[in-house]
Amino acid sequence: MCGITGWVSFDRDLRAEGETLDAMTETMACRGPDDRGTWSEGPAALGHRRLAIIDLPGGRQPMTAETPEGTVALVYSGEAYNFTELRRELTGRGHRFATDSDTEVVLRGYLEWGAELAGRLNGMYAFAIWDGRHDKLVMIRDRMGIKPFYYYPTPDGVLFGSEPKAILANPLARARVRLDGLRELFTFIKTPGHAIWDGMHEVEPGTVVTVDRSGLRRHVYWQLETRPQTDDRDTSVAAVRTLLDDIVRRQLVADVPRCTLLSGGLDSSAMTALAARQLAEHGERVRSFAVDFVGQTDHFVADELRATPDTPFVHDVAHASGTDHRDIVLDAQALADPDVRAKVIRARDLPMGFGDMDASLYLLFQAVREHSTVALSGESADEVFGGYLQFFDEEARSADTFPWLLRFQRDFGDDADVLRPDLTEAMDLETYVADGYRTAVAGIRRLDGESDFEYRMRRICHLHLTRFVRVLLDRKDRTSMAVGLEVRVPYCDHRLVEYVYNTPWALKSFDGREKSLLREATADVIPKSVYDRVKSPYPSTQDPKYAIALQDHAKDLLARPTHPVFDLVDAERLRLAAHRDTPQITQASRRGLERTLDLAVWLDLYSPEVSFS
């Protein structure tokens, strides 16, 4: 797990551009606090920051291989969970290894199979290979988009990096956001390949991007496909359990301390219980961590989203699985701290408006990093197994739009309401979302004989696995790597995703509840309280002091009427929200305050050129 960056310029010798390469590389320091390295040769320059996880002394990068035809150099971020099997196969094909790292397996794998290596990897990864034999750059991203990867074409080549900040550190990149970028910020639909920054793109999940003197080419090596599946209930449950046992075992491999993130929900509880059982076979105890808020359990108020507080269920799992557990308890002051807000936005490069949920995630990861370097997370199980309320909401099911948008509107209001009316009109978000939806569902294949209802649910599952999940995966990666913590996501293993996606909805919800397959597959290892618990989203503080702190910060912002945020935000609406009586601060008001403050900090940090065209 690391940060990568680089530059290819076919019209110059980049060995003379060391200062710029160093600047790009250093933006990735948080992703790789353990080591740094750069490499350049003719038209190519690569930079790397390392978080050492496997083969601590032997995995330094950039890693090179000399061939008679030229040098092949690699910068790699992520983990290949099947590197042991690949290493064995490559050894049988005559390759010799100087290290025990998965990085060298990826490099040697490329020498053997070229870009077809991508289809052989099981893991989370984003890597770039300069192939000096053919003067080309090959960029490859994992199937689900767990690891971020961006690129920025230039007149004579390309810039790339794990995060936009690495690319923006190069003078060739322009820090500009156009109207479509603003639309992406306020719609939550994650258009594939869209990076929000003008001229910048994502290497899409499951894609190889190749750059040489003739230009740039993309090749999709994996996508979520519809296939017939006829397994019955018992077979499906058993298959899910077999996959989960194998996935967790692979993802526990590390040469550094590891732990689990435990929320007390089904997803993280099942993962933690499986990890605890496997480690117990070797006489080890799993560490677990949970986030909580001061007074939340004692003064919890149920609402439509969250019927129960997390902590009692967290403790049930910790006791049942014998974990070495720690609660990370946060107060309103920490959650509203402007310094924390700035660190979160710097980590994500964008003002996403998640407010206290982003702040608490960052502070949780910061605390976890004091004890562990690797954490397993339950992220993505809801998308894989069908866990969100919108999967069971008839209005959301039948609407011709992204189903989560209806739930967000109902539960949180529209945070685009903070924008100036003229900007809202220019953005025309309704049309943008409608166009995005039509594109998103256009290629989803329907099985012969599939009922209208089953096809509708297939489309909803597909949208969550190809659009919604990518927002959350990016959030988790960027926030965790900001403190040098590697978070692994077992439920994103492509084998599990493919199998469950093609399981009919009738089996995914065979008992009329969410995530039926996961619940039954792990029923023997989770407490009954968790088995019976209704889905509860990531927690949010109910402490009124948090909302009061937001209002105080908004008042400070209003005292600076020339701040560029007011080119985007309606100052009068902000004034009303900032002076509203605390009991009248709705979820929509709170989100509006959070969104505005995020925008202001982002403008201060990046000074982007915002264009309304």
Side-chain angles (χ1 to χ4, degrees), residues 141 145 148-153 161-165 167-168 173-205 207 344-355 357-358 401-409 412 414-420 423-442 463-479 565 567-569 591-592 594-596 598-603 605-606 608-613:
R141 191 176 182 196
F149 203 175
Y150 298 84
Y151 67 96
Y152 188 104
S162 292
E163 299 180 358
K165 61 175 65 70
I167 293 170
L168 295 174
R174 188 173 177 181
R176 180 170 65 178
V177 176
R178 291 183 180 272
L179 206 53
D180 263 1
L182 292 174
R183 290 179 177 124
E184 280 290 306
L185 280 176
F186 283 90
T187 52
F188 209 87
I189 63 174
K190 193 62 188 78
T191 302
H194 204 304
I196 295 180
W197 297 96
D198 187 41
M200 194 181 298
H201 309 272
E202 282 190 315
V203 177
E204 293 185 35
T207 300
V344 168
I345 291 171
R346 181 63 179 162
R348 303 193 67 187
D349 293 310
L350 295 169
M352 297 304 296
F354 280 59
M357 291 187 287
D358 263 353
T401 190
F402 299 95
W404 54 88
L405 296 184
L406 292 177
R407 294 293 316 186
F408 285 1
Q409 178 73 31
F412 303 115
D414 184 358
D415 61 356
D417 283 347
V418 304
L419 298 175
R420 290 171 42 152
L423 178 54
T424 300
E425 183 178 358
M427 289 171 71
D428 188 10
L429 295 181
E430 184 176 347
T431 299
Y432 188 75
V433 169
D435 291 345
Y437 177 75
R438 283 192 293 270
T439 301
V441 299
L463 289 171
H464 280 82
L465 288 167
T466 57
R467 298 299 184 95
F468 189 79
V469 75
R470 292 178 185 174
V471 178
L472 300 182
L473 288 173
D474 185 74
R475 170 179 179 253
K476 183 141 287 182
D477 173 89
R478 305 285 289 281
T479 311
V565 76
D567 293 334
L568 304 175
V569 168
R591 277 183 57 79
E594 291 171 329
R595 174 67 89 171
T596 300
D598 280 3
L599 282 167
V601 171
W602 175 63
L603 291 167
L605 288 173
Y606 288 85
E609 175 190 345
V610 180
S611 170
F612 301 144
S613 62

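For this chain, numbers begin at 1 and follow the sequence in order. Worth knowing before you read on, the calculation uses all heavy atoms, side chains too, and leaves out hydrogens, waters and symmetry mates. Bear in mind the structure is a predicted one, so any value in this text is a computation, not a measurement.
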Parallel, tilted or perpendicular, judged at 30° and 60°: which one describes the rings of Phe188 and Phe408? perpendicular
Drop me the distance from Glu184's CD to Leu179's CG, to the nearest 0.5 angstrom. 11.5 Å
Evaluation steps, side-chain contact (heavy atoms from CB on, under 4.5 Å), between Met200 and Leu168: CA-CA 10 Å; Met200 194 181 298; Leu168 295 174; 4.0 Å; yes
Starting from the C-alpha separation in whole Å, work towards a yes-or-no answer on side-chain contact (heavy atoms from CB on, under 4.5 Å) for Glu202 and Arg141. CA-CA 10 Å; Glu202 282 190 315; Arg141 191 176 182 196; 3.8 Å; yes
Nearest 0.5 Å please: distance from the CG atom of Asp198 over to the CZ atom of Arg178. 4.5 Å
Grab the two heavy atoms, one from Arg467 and one from Trp404, that are nearest each other, plus how far apart they are. CB-CH2, 3.9 Å
Flag the pair Asp358 and Arg348 as a salt bridge only when some basic side-chain nitrogen lies within less than 4.0 angstrom of an acidic carboxylate oxygen. yes
When you compare the side chain of Arg407 with that of Leu405, does any pair of heavy atoms fall below 4.5 Å? no
For residues Met352 and Leu185, determine if any side-chain heavy atom of one lies less than 4.5 Å from a side-chain heavy atom of the other. yes
Kindly say whether Pro205 contributes a backbone atom to a donor-acceptor pair with the side chain of Thr207 at under 3.5 angstrom? yes
So which heavy atom on Gly181 is nearest to which on His194, and how close? CA-CE1, 4.0 Å
Flag the pair Val610 / Asp567 as yes when at least one side-chain heavy-atom distance between them is below 4.5 Å, and no otherwise. no
For the residue pair Met357 and Arg475, establish whether any side-chain heavy-atom pair is separated by less than 4.5 Å. yes
Heavy-atom side-chain proximity of Tyr150 to Val203 below 4.5 angstrom: no
Kindly compute the distance separating CD1 (Ile196) from OG1 (Thr191), expressed to the nearest 0.5 Å. 9.0 Å
Student check: side-chain heavy atoms of Trp197 and Pro608 closer than 4.5 Å: yes
Using the rule given for side-chain contact (heavy atoms from CB on, under 4.5 Å), can you reason through Tyr432 versus Ile189, listing the C-alpha separation, both sets of side-chain angles and the distance that settles it, and then say yes or no? CA-CA 10 Å; Tyr432 188 75; Ile189 63 174; 4.0 Å; yes
Face-on cation placement of Arg595 at Phe186 ring, 6.0 Å and 45° thresholds: yes
Say whether, by atom type as modelled, one donor and one acceptor occur between the side chain of Arg478 and the main chain of Ala347 under 3.5 angstrom. yes
Student check: side-chain heavy atoms of Asp598 and Phe354 closer than 4.5 Å: no
Shortest non-hydrogen pair, Ala440 vs Phe402, comes out as CB-CE2, 4.0 Å
Tyr606 vs Asp349, side-chain hydrogen bond (donor to acceptor under 3.5 Å, both in side chains): CA-CA, chis, key distance, verdict: CA-CA 8 Å; Tyr606 288 85; Asp349 293 310; 2.3 Å; yes
Looking only at heavy atoms, which two atoms of Gly592 and Val418 are closest? And how far apart? CA-CG1, 3.4 Å
Please round to the nearest 0.5 Å and tell me the distance separating atom CG of Asp477 and atom CG of Leu473. 8.5 Å
Roughly how far, to the nearest 0.5 Å, is OG1 of Thr187 from CD of Glu430? 13.0 Å
Step-by-step side-chain contact (heavy atoms from CB on, under 4.5 Å) determination, Leu423 to Leu182: CA-CA 10 Å; Leu423 178 54; Leu182 292 174; 4.3 Å; yes
Do the non-hydrogen side-chain atoms of Lys190 and Thr466 ever get within less than 4.5 Å of each other? no
Quick check against the 3.5 Å criterion: does Arg183 have a side-chain atom that pairs as donor or acceptor with the backbone of Met427? yes
